[in-house]
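Below you'll find the structure, written out as structure tokens, and then a few comments.
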Amino acid sequence: MGERVVITGASSGIGEACALELAQRGASVALLARRVERLSQVAEKVRARGGRAFVLPVDLADGAKARAAVRDAEAALGGIDVLVNNAGFGIYAPIESVPRSDIERLFAVNTFGPLACIQAALPGMRTRGRGVIINVSSIVGKRALPMSGAYGASKYALHAISDALRVELRGTGVRVSVVCPGYTTTEFSDNVLDYGAERGRPRGARMTPEEVARVIADCARNPKREVILTARGRLLVFLERFAPSIADWVIARTIPVKSPAGAKS
């Protein structure tokens, strides 16, 4: 493969799995996240597989630091062929209960962080006449669900950025992909802010980080406009497009709204 890849949120879950999968295919990887020790552990796993790995600790909510980290990654790798925007976190609560400060942090990590990384990586990609930007999103970025409205809004924005960028970059050799996994067994769900709201068990089959990583690695080589990884997700997108009222009815029947303790009714 030989690509030079920057991965955000690389300290665990899908990001870690991407680093290992891409390294297995011959890529050199720059690993971005906040947790230095965990990043170092992932880097050691990559090197144990014969790959090159660079650790770049950064809080992606800080746009200036995110841009600087990507530029440092570009210098360390000798260029960036693939950018995987994977870092993110979630909020599970009724919209009325979510503090503005948490929504601002959510957008800083899930939307503005990827945007800063894209803006830092693009000049080099344009100069070389090639590159792939892969934004890891969610099905709620296509159709928002109750209790996940804030999270969905941050992913809708990421889809909008991706759609505009895809057209803006036509003819440059730079491609844009959006990957929407299903429920994946990672630490993501442990870190969701729920303010005490009860969360039900996810419906349908769960995906492993390795399954998602293989799709992302495939996109790095053969970019696709958008990849929705579950049948349920594809059905929901179909209903939202052609029968939105039915989509509302199905969602209301399957996802109950549960207010957190102490929330106003």
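In this chain, numbering begins with 1 at the start of the sequence shown. No hydrogens, no waters, no symmetry mates; every other heavy atom, side chains included, goes into these values.
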Can you check whether [X] reaches [Y] side chain to side chain, under 4.5 Å on heavy atoms?
| X | Y | result |
| --- | --- | --- |
| Glu226 | Ser177 | no |
| Cys18 | Leu20 | no |
| Asn86 | Ile134 | no |
| Glu16 | Val46 | no |
| Tyr151 | Leu145 | no |
| Val5 | Val84 | yes |
| Leu229 | Ile139 | no |
| Ile91 | Val192 | no |

Do Arg25 and Asp218 pass the salt bridge (Lys or Arg N to Asp or Glu O under 4.0 Å) test, and can you show the C-alpha distance, the side-chain angles, and the key distance before you say yes or no?
CA-CA 10 Å; Arg25 300 188 188 197; Asp218 289 343; 2.7 Å; yes

Can you tell me how far [atom2] of [Y] sits from [atom1] of [X], rounded to the nearest 0.5 angstrom?
| X | Y | atom1 | atom2 | answer |
| --- | --- | --- | --- | --- |
| Lys65 | Leu56 | NZ | CG | 14.0 Å |
| Arg4 | Phe54 | CZ | CZ | 11.0 Å |
| Met207 | Ile14 | CE | CD1 | 8.0 Å |
| Thr230 | Ile228 | OG1 | CD1 | 7.5 Å |
| Arg225 | Ser162 | CZ | OG | 9.5 Å |
| Asp72 | Arg67 | CG | CZ | 13.0 Å |

Check whether any side-chain N or O of [X] sits under 3.5 Å from a backbone N or O of [Y] as a donor-acceptor pair, and report yes or no.
| X | Y | value |
| --- | --- | --- |
| Ser40 | Val36 | yes |
| Thr184 | Gly182 | yes |
| Glu211 | Thr208 | yes |
| Ser154 | Phe107 | no |
| Arg126 | Thr172 | no |
| Arg175 | Pro223 | yes |
| Tyr156 | Lys142 | yes |

Which atom of [X] lies closest to which atom of [Y], heavy atoms considered:
| X | Y | value |
| --- | --- | --- |
| Glu21 | Ala213 | CG-O, 4.0 Å |
| Gly141 | His159 | O-CD2, 3.6 Å |
| Ala10 | Leu39 | C-CD2, 3.9 Å |
| Ala53 | Arg47 | O-NH2, 2.7 Å |
| Ala87 | Leu60 | CB-CD1, 3.5 Å |
| Arg52 | Ser28 | NE-OG, 3.1 Å |

So among Val227, Val132, Val82, which one has a side chain to side chain contact (heavy atoms under 4.5 Å, CB included) with Cys219?
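Checked Val227, Val132, Val82 against Cys219; only one passes side chain to side chain contact (heavy atoms under 4.5 Å, CB included): Val227.
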
Does atom [atom1] of [X] have more than 12 heavy-atom neighbours from other groups under 6.0 Å away?
| X | atom1 | result |
| --- | --- | --- |
| Arg34 | CZ | no |
| Arg35 | CZ | yes |
| Ile246 | CD1 | no |

Single-linkage hydrophobic cluster, 4.5 Å side-chain cutoff, Val178 and Ile7 together:
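No: no chain of side-chain contacts under 4.5 Å links Val178 to Ile7.
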
Same hydrophobic cluster for Val109 and Leu158, using side-chain heavy-atom links shorter than 4.5 Å among ILVMFWY?
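No, no single cluster joins them.
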
Apply salt bridge (Lys or Arg N to Asp or Glu O under 4.0 Å) to residues Asp163 and Arg166 and explain how you reach the verdict.
CA-CA 5 Å; Asp163 288 342; Arg166 189 180 296 109; 2.9 Å; yes

Stepwise salt bridge (Lys or Arg N to Asp or Glu O under 4.0 Å) check, Glu104 with Arg100:
CA-CA 6 Å; Glu104 289 174 349; Arg100 180 187 174 112; 2.7 Å; yes

Which ring-ring contact (aromatic ring centres under 6.0 Å, His included) pairs, counting each pair once, include a residue from residues 23-48, with sequence neighbours left out?
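Non-adjacent pairs meeting ring-ring contact (aromatic ring centres under 6.0 Å, His included): zero.
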
Counterpart residues, side-chain contact (heavy atoms from CB on, under 4.5 Å), relative to Pro123 (two or more places apart):
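For Pro123, no residue satisfies side-chain contact (heavy atoms from CB on, under 4.5 Å) once neighbours in sequence are set aside.
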
Which residues pass the side-chain contact (heavy atoms from CB on, under 4.5 Å) test with Ala121, sequence neighbours left out?
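Checked Ala121 against side-chain contact (heavy atoms from CB on, under 4.5 Å); matches are Val70, Ile80, Leu83, Met125.
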
Would you kindly say whether Ser11 and Arg38 are connected by a side-chain donor-acceptor distance under 3.5 Å?
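There is no such pair (donor and acceptor under 3.5 Å, judged by atom type) between the side chains of Ser11 and Arg38.
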
Where do Val6 and Cys117 land on the side chain to side chain contact (heavy atoms under 4.5 Å, CB included) test, with the steps shown first?
CA-CA 9 Å; Val6 174; Cys117 293; over 6 Å; no

Begin from the C-alpha positions of Asn85 and Val136 and carry the test side chain to side chain contact (heavy atoms under 4.5 Å, CB included) through to its verdict.
CA-CA 6 Å; Asn85 278 316; Val136 181; over 6 Å; no

